[in-house]
There are 2 protein chains.
Amino acid sequence: MAKAMARPGGRSARVQEAVHAAVHELDAEVGRDALTVPLIAARAGVTPSTVYRRWGDLRELLSDVAVEHLRPETDPEDHGELVADLTAWAEQFLDEMASPPGRAYIRDALLGDPDGDNAGQCSAYAAEQIDVILRRATARGEQQQPDVETVIDHVVAPMMYRILFRPGALDAAYARRLVADCLERGRR
Amino acid sequence: MAKAMARPGGRSARVQEAVHAAVHELDAEVGRDALTVPLIAARAGVTPSTVYRRWGDLRELLSDVAVEHLRPETDPEDHGELVADLTAWAEQFLDEMASPPGRAYIRDALLGDPDGDNAGQCSAYAAEQIDVILRRATARGEQQQPDVETVIDHVVAPMMYRILFRPGALDAAYARRLVADCLERGRR
DNA sequence: GCAGCTAACGCAAAAGGTTAGCTTTTGCTG
DNA sequence: CAGCAAAAGCTAACCTTTTGCGTTAGCTGC
């Protein structure tokens with residue numbers, strides 16, 4: 001997330017946008033590992049010292065950009081039933097997060113984040129999506145749902161843990177199993 | 001984890017040890033953020049280029065050192081019963097990992113780890129400890145245990161997820177609850 | 001609108017970190 | 001003990017990062 005700006009409108013906002021755009025462009029052109037602050041600054045039409053003063057260093061800048069990529073663009077799809085909604089969402093989440101670019105964004109977001117704000121934001125995104133799904137189920141009158149924290153602990157956390165700490169492959173079946181276990185838990 | 005050395009004995013080993021020792025000393029003296037490759041190299045009696053050639057950059061070196069810190073020193077304590085063993089281990093694990101130095105080591109380990117080897121090693125440490133606890137329970141004749149993967153998914157993963165992605169506080173009660181839920185799962 | 005104020009940016013120089021080519025040392029092997 | 005190759009030393013160029021100072025641009029109150 002962008003740092004709180006004392007002057008949200010005007011030049012500050014333009015600079016921030018230009019820098020973020022430059023990161024996107026150069027990431028696509030030269031690749032994530034070849035990014036440097038002077039390179040990004042030149043593309044953004046800004047001096048390097050501006051970037052250093054605003055973001056501190058390259059890692060914090062990339063962390064900000066990564067969080068933008070991890071923000072979900074739409075609400076989860078409605079399949080008419082809690083199990084289906086949650087399963088579909090978990091499958092898509094795992095698919096996106098476990099992909100090479102997904103892993104890179106997660107790492108960047110966690111990496112350049114001294115106070116944990118960006119990481120907290122990532123978690124909040126997932127929590128919001130889950131909350132939407134659970135509220136929908138409530139509106140339908142479905143009973144015995146788990147709460148958001150339970151879903152995070154038993155569905156999101158295992159997937160993220162494996163993405164970060166386990167080299168191996170992850171498939172949709174794993175996501176389905178986690179969701180099934182989690183819902184069964186609430187019914188027993 | 002140290003890179004595989006073509007010549008495990010002799011100078012290579014001495015250099016590696018000197019550099020690791022220098023990191024430990026300087027970390028204590030000047031603090032984690034003031035560490036630089038030239039500084040570490042000077043303390044280790046080595047030229048910077050040696051460090052760059054062996055480790056690539058500072059982050060990979062710190063990642064290696066962090067994994068050493070995260071290696072458990074002893075087997076988990078034996079309390080005579082699976083529930084007690086697992087609960088005590090989880091409480092201690094959470095306590096260590098959620099502490100400021102613990103978080104710093106986790107971040108360092110994940111950070112300078114292009115291929116995920118170091119992160120995998122961290123996960124393997126936890127898996128080994130859990131395996132010891134479960135084998136003990138088997139030896140006692142306790143039935144209906146979860147397997148290692150289940151404990152990782154439902155106990156380790158939630159704790160690590162919250163440490164990494166949630167700014168908030170974590171207490172021993174959370175660890176106890178996760179263990180209790182996990183064992184109950186196996187018994188239903 | 002038009003001063004006055006200050007945060008944010010540009011510029012440039014200095015300091016420090018990183019890389020690369022080449023030489024020397026060191027440990028293994030026959 | 002002689003030959004070989006891996007690893008470390010050395011040095012110089014390169015790039016990144018920091019820092020101080022002058023300038024611009026957006027707010028605020030009149």
Side-chain angles (χ1 to χ4, degrees), chain A residues 1-23 25-27 29-66 108 111-114 117, chain B residues 1-23 25-27 29-66 107-108 111-114:
Chain A
M1 198 66 284
K3 307 262 178 293
M5 282 177 288
R7 294 176 171 181
R11 187 163 61 167
S12 293
R14 284 199 304 276
V15 167
Q16 163 156 341
E17 187 160 2
V19 170
H20 278 218
V23 171
E25 293 173 23
L26 291 169
D27 184 18
E29 291 174 26
V30 304
R32 161 80 178 68
D33 292 336
L35 296 181
T36 65
V37 171
L39 187 68
I40 294 164
R43 173 64 63 100
V46 159
T47 58
S49 56
T50 295
V51 175
Y52 286 115
R53 267 191 268 259
R54 278 275 290 262
W55 282 276
D57 63 2
L58 178 63
R59 287 173 13 206
E60 289 187 46
L61 171 57
L62 292 181
S63 183
D64 275 5
V65 174
D108 283 343
L111 211 108
D113 190 20
D117 287 344
Chain B
M1 195 74 277
K3 307 265 178 292
M5 281 176 287
R7 293 176 170 178
R11 187 164 59 165
S12 294
R14 284 199 304 276
V15 167
Q16 164 156 341
E17 186 159 6
V19 170
H20 277 218
V23 172
E25 292 172 23
L26 290 170
D27 183 17
E29 290 174 25
V30 304
R32 161 80 180 67
D33 293 336
L35 295 182
T36 67
V37 171
L39 188 68
I40 293 165
R43 173 65 62 100
V46 160
T47 59
S49 55
T50 296
V51 174
Y52 285 115
R53 264 192 279 259
R54 279 274 293 260
W55 282 275
D57 62 2
L58 177 63
R59 287 172 12 201
E60 289 187 46
L61 170 57
L62 292 181
S63 182
D64 275 5
V65 174
R107 284 171 54 96
D108 283 343
L111 209 108
D113 190 20

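Throughout, protein chains are lettered first and strands after them, A, B, ... in sequence-line order, and every chain is numbered starting at 1.
Contact annotation: A:R14 side-chain N/O to D:dG26 OP1/OP2 distance is under 4.0 Å. Residue B:T50 has no polar side-chain atom (N or O) positioned under 4.0 Å from OP1 or OP2 of D:dA8.
One can place CG of B:L61 at 11 Å from P of C:dT18, the figure rounded to the nearest angstrom. A:R11 places its CZ atom 11 Å from the P atom of D:dC27, with the value rounded to the nearest Å. Between the OH atom of B:Y52 and the P atom of D:dT16 there is a distance of 14 Å, given to the nearest Å. The separation between A:W55 atom CH2 and D:dT18 atom P is 15 Å, rounded to whole Å. As a whole-Å value, the separation of A:D57 CG from C:dG16 C1' is 16 Å. For B:R53 and D:dA5, the CZ to P distance is 18 Å, given to the nearest whole Å. The separation between B:L58 atom CG and C:dG16 atom C1' is 14 Å, rounded to whole Å.
The closest donor-acceptor contact from the side chain of B:R107 to the backbone of A:L111 lies under 3.5 Å.
Between B:I40 and B:L26, the shortest heavy-atom contact is CA-CD1, 3.7 Å. Nearest heavy atom pair, residue B:A44 against residue B:A18, reads CB-O, 3.6 Å. For the pair B:D113 and B:S63, the tightest heavy-atom approach, listed with the atom from each and the gap, is CB-OG, 4.1 Å.
Counting atom types as modelled, A:S49 pairs no side-chain N or O with a base atom of C:dC9 as donor and acceptor under 3.5 Å.
If you check every strand for non-hydrogen atoms under 4.0 Å, A:T36 touches sugar and phosphate atoms only.
Looking at the side chain of B:P38, the nearest of the listed nucleotides C:dG17, D:dC10, C:dC9 is C:dG17.
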